[in-house]
2 protein chains.
Amino acid sequence: MVEHTLRRTPLSRDRVLRAAVALADEAGIESLSMRNLAQELGVVPMALYKHVANKEELLDGMIDAVVGEIDPPVPGAGWKQAVRGRILSARRVLQRHPWAPIAIESRTAATPAVLAYLDSMVGTLSAGGFSADLAHHVMHAMGSRMLGFSQELFDASRNAGRSGAAAAEPPAAPPPEFADRFPHLATIATAAFHDDASVVGTGCDDQFEFEFALDLLLDGIERLHRQGWTSHPA
Amino acid sequence: MVEHTLRRTPLSRDRVLRAAVALADEAGIESLSMRNLAQELGVVPMALYKHVANKEELLDGMIDAVVGEIDPPVPGAGWKQAVRGRILSARRVLQRHPWAPIAIESRTAATPAVLAYLDSMVGTLSAGGFSADLAHHVMHAMGSRMLGFSQELFDASRNAGRSGAAAAEPPAAPPPEFADRFPHLATIATAAFHDDASVVGTGCDDQFEFEFALDLLLDGIERLHRQGWTSHPA
DNA sequence: CCCTCCTGGTGTACGCCGTACACCTGCCCT
DNA sequence: AGGGCAGGTGTACGGCGTACACCAGGAGGG
């Protein structure tokens with residue numbers, strides 16, 4: 001029975017969560033089923049339920065795991081650099097786990113790790129002299145961007161298809177009638193000075209666009225903060 | 001056989017789509033199954049497949065239907081008012097169809113109506129004197145907010161529970177340990193000057209927060225536009 | 001006038017999903 | 001030695017999307 005006792009390290013909530021994250025990373029969130037996950041762990045599906053209550057809780061655990069990967073705030077910097085740096089770290093994390101945005105958005109309530117992250121973000125703001133009032137609105141305004149979401153309308157990276165980093169197929173040249181039906185989109189798409197201009201949502205430098213929006217927000221926030229904004233601006 | 005021939009108006013793609021939207025509106029997107037929808041229409045599930053290719057295409061059709069509800073741009077105004085007004089209209093539409101954000105986000109590619117909407121938005125910008133370059137970044141920066149998404153981290157309105165407008169249960173008072181674990185969040189939550197201060201994500205004036213973020217972006221954009229921003233700012 | 005074809009609704013069936021529930025096994029503690 | 005319990009197992013149920021074969025009944029041509 002040696003083979004039997006050595007066959008595998010016993011399951012644990014942690015091992016389940018880690019395997020789930022790995023599976024979602026490499027096969028896409030849509031192939032994360034309790035059955036697939038169990039198979040991956042060499043175990044029968046129902047065994048998982050001894051370690052997570054149900055699939056919802058499994059997802060919550062996965063989210064907490066990835067949110068925990070986000071860098072802690074750098075201590076020295078001012079609020080703006082601290083917030084900016086942390087959000088960019090969050091973005092890096094989410095890029096390692098492309099399923100996470102969908103998973104987080106689909107949850108209705110926040111998980112502990114997410115709350116802790118947001119709490120620390122608010123802490124950075126108050127340390128920077130923000131009123132609770134302004135900090136509150138800022139948190140809302142940043143919304144899910146706070147967690148590194150690019151929240152594009154069509155997010156190519158969100159395909160979550162199989163094999164994770166598999167070569168995204170060449171953007172499938174825009175059909176010729178595209179320019180006729182959507183002339184303005186065609187204009188800004190072909191005016192995409194970055195590397196290659198192909199179709200909307202591709203040929204863009206995602207990182208640039210993300211920082212563009214982030215800095216637009218941060219600059220606006222800084223301005224409000226400096227002029228001591230309070231609930232009745234104009 | 002009169003009863004038979006009169007029994008119902010025949011199905012059509014349009015009737016299917018309309019019924020699907022209605023069902024999702026009142027019962028939540030999670031109870032929109034081909035089977036439920038068929039039952040609602042007094043028809044066997046497979047009958048639907050004579051009018052939509054599959055569930056994906058059904059969702060696309062639904063999205064196009066609701067995006068089509070968004071007001072056309074008001075002709076007289078400047079770009080800023082035009083964009084602002086249209087986005088607020090989009091938001092009103094999405095509030096009538098709380099399932100739509102989830103549905104739109106879950107799609108990987110844009111549908112025709114969405115493209116048309118975005119195209120017209122870009123048109124407004126170029127008419128306002130925006131370079132293709134800046135207009136491009138602006139579209140990215142606005143992201144899904146363009147369609148009226150509030151894109152909060154935890155969006156209470158996104159519960160999509162049964163019976164649509166059913167009374168959201170009283171916010172379930174924040175557990176006492178909340179303030180200990182997340183002191184900063186507790187601060188901005190209880191400092192929620194709006195009507196009632198209860199827990200993060202509630203007791204906030206959603207409309208106010210949406211416009212706050214929207215104007216933060218629009219003001220920043222206006223500033224860039226006025227100073228003739230181009231790809232190399234600082 | 002009949003026959004044929006086509007459009008659109010039907011019935012059955014398959015393979016996937018999450019998970020309830022009863023069961024069994026082997027270890028730890030007394 | 002024996003009892004309890006943590007943790008892995010097997011079976012089963014109801015729901016999902018949808019493939020595929022079928023059939024009714026009206027339209028159109030001979």
Side-chain angles (χ1 to χ4, degrees), chain A residues 1-21 23-24 26-63 99 102-103 106-108 160-162, chain B residues 1-21 23-24 26-63 99 102-103 106-108 160-162:
Chain A
M1 293 301 132
V2 173
E3 170 249 353
H4 179 247
T5 54
L6 289 188
R7 170 161 105 241
R8 58 168 177 262
T9 61
L11 243 40
S12 74
R13 180 177 168 90
D14 212 71
R15 238 165 71 77
V16 169
L17 255 33
R18 246 196 295 275
V21 168
L23 181 54
E26 64 200 33
I29 189 72
E30 79 285 349
S31 25
L32 176 73
S33 67
M34 298 302 271
R35 291 166 138 99
N36 283 348
L37 178 55
Q39 186 164 19
E40 207 74 16
L41 287 160
V43 111
V44 89
M46 287 310 292
L48 302 176
Y49 288 87
K50 287 284 155 57
H51 299 98
V52 297
N54 48 47
K55 194 176 182 183
E56 295 263 296
E57 207 208 75
L58 174 74
L59 284 170
D60 282 348
M62 294 169 65
I63 290 171
W99 49 270
I102 310 171
S106 76
R107 308 253 59 72
T108 165
R162 61 266 167 72
Chain B
M1 293 307 126
V2 174
E3 169 250 352
H4 178 248
T5 52
L6 290 187
R7 171 161 101 242
R8 58 168 178 264
T9 61
L11 243 40
S12 76
R13 181 178 167 88
D14 212 68
R15 240 166 69 76
V16 169
L17 255 32
R18 245 198 294 277
V21 168
L23 180 55
E26 64 200 34
I29 189 74
E30 79 284 349
S31 24
L32 177 74
S33 67
M34 299 302 271
R35 292 165 137 99
N36 283 347
L37 178 55
Q39 186 164 21
E40 207 74 17
L41 287 160
V43 113
V44 90
M46 287 311 293
L48 302 175
Y49 288 86
K50 287 283 153 61
H51 300 97
V52 297
N54 49 44
K55 193 177 182 180
E56 297 263 296
E57 206 207 77
L58 173 72
L59 284 171
D60 282 349
M62 294 168 65
I63 291 171
W99 50 269
I102 310 171
S106 76
R107 308 253 60 71
T108 166
R162 62 268 169 70

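To find a chain, count down the sequence lines: A is the first, B the second, and so on, and within it residues start at 1.
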### Task
Rounded off to whole Å, could you give me the CG-to-P distance for the A:L11 and C:dT25 pair?
20 Å
### Query
Does the D:dG8 base have a donor-acceptor partner in the side chain of A:K50 within less than 3.5 Å?
yes
### Task
Write down the distance between CE (A:M46) and P (D:dC13), rounded to a whole number of angstrom.
15 Å
### Message
Is there, by distance only and without an angle test, a donor paired with an acceptor across the side chain of B:R35 and the base of D:dG15 below 3.5 Å?
### Response
no
### Query
To the nearest angstrom, how far is B:M34 atom CE from D:dC16 atom C1'?
11 Å
### Message
Just the rounded figure in Å: distance from P of C:dC17 to CD1 of A:I29.
### Response
13 Å
## Note on the structure
Note: B:S31 and B:L23 closest approach over all heavy atoms is O-CD2, 4.1 Å
### Task
Take the protein atom CG of B:L59 and the nucleotide atom C1' of D:dG17, then report the distance between them rounded to whole Å.
12 Å
### Pairwise 5' ranking along DNA chain C for B:L48 and A:N54, keeping only the more 5' one
B:L48
### Query
Within a strict 4.5 Å, meaning less than it, do heavy atoms of the A:L11 and A:K50 side chains meet?
no
### Query
From D:dC16, D:dG7, C:dT19, pick the nucleotide closest to the side chain of B:S33?
D:dC16
### Task
Starting from the 5' end of DNA chain C, give me the residue, A:N36 or B:S12, whose nearest nucleotide shows up first.
B:S12
### Message
Please give me the minimum heavy-atom distance between B:N54 and B:Y49, naming the atom from each residue.
### Response
CA-CE2, 3.9 Å
### Query
Given C:dG9, is OP1 or OP2 found less than 4.0 Å from the side-chain N or O atoms of B:H51?
yes
### Message
In this structure, how many angstroms lie between the C1' atom of C:dC17 and the CD atom of B:E30, rounded?
### Response
16 Å
### Query
How many Å lie between NZ on B:K55 and P on C:dC16, as a whole number?
19 Å
### Task
Can you tell me the distance, in whole Å, between the CG atom of A:L58 and the P atom of C:dC17?
14 Å
### Task
Take atom CD of B:E57 as the centre, draw a 6.0 Å sphere, and report whether it contains more than 12 heavy atoms from other residues, nucleotides or ligands.
yes
### Task
Grab the two heavy atoms, one from A:H51 and one from A:V16, that are nearest each other, plus how far apart they are.
CB-CG2, 4.3 Å
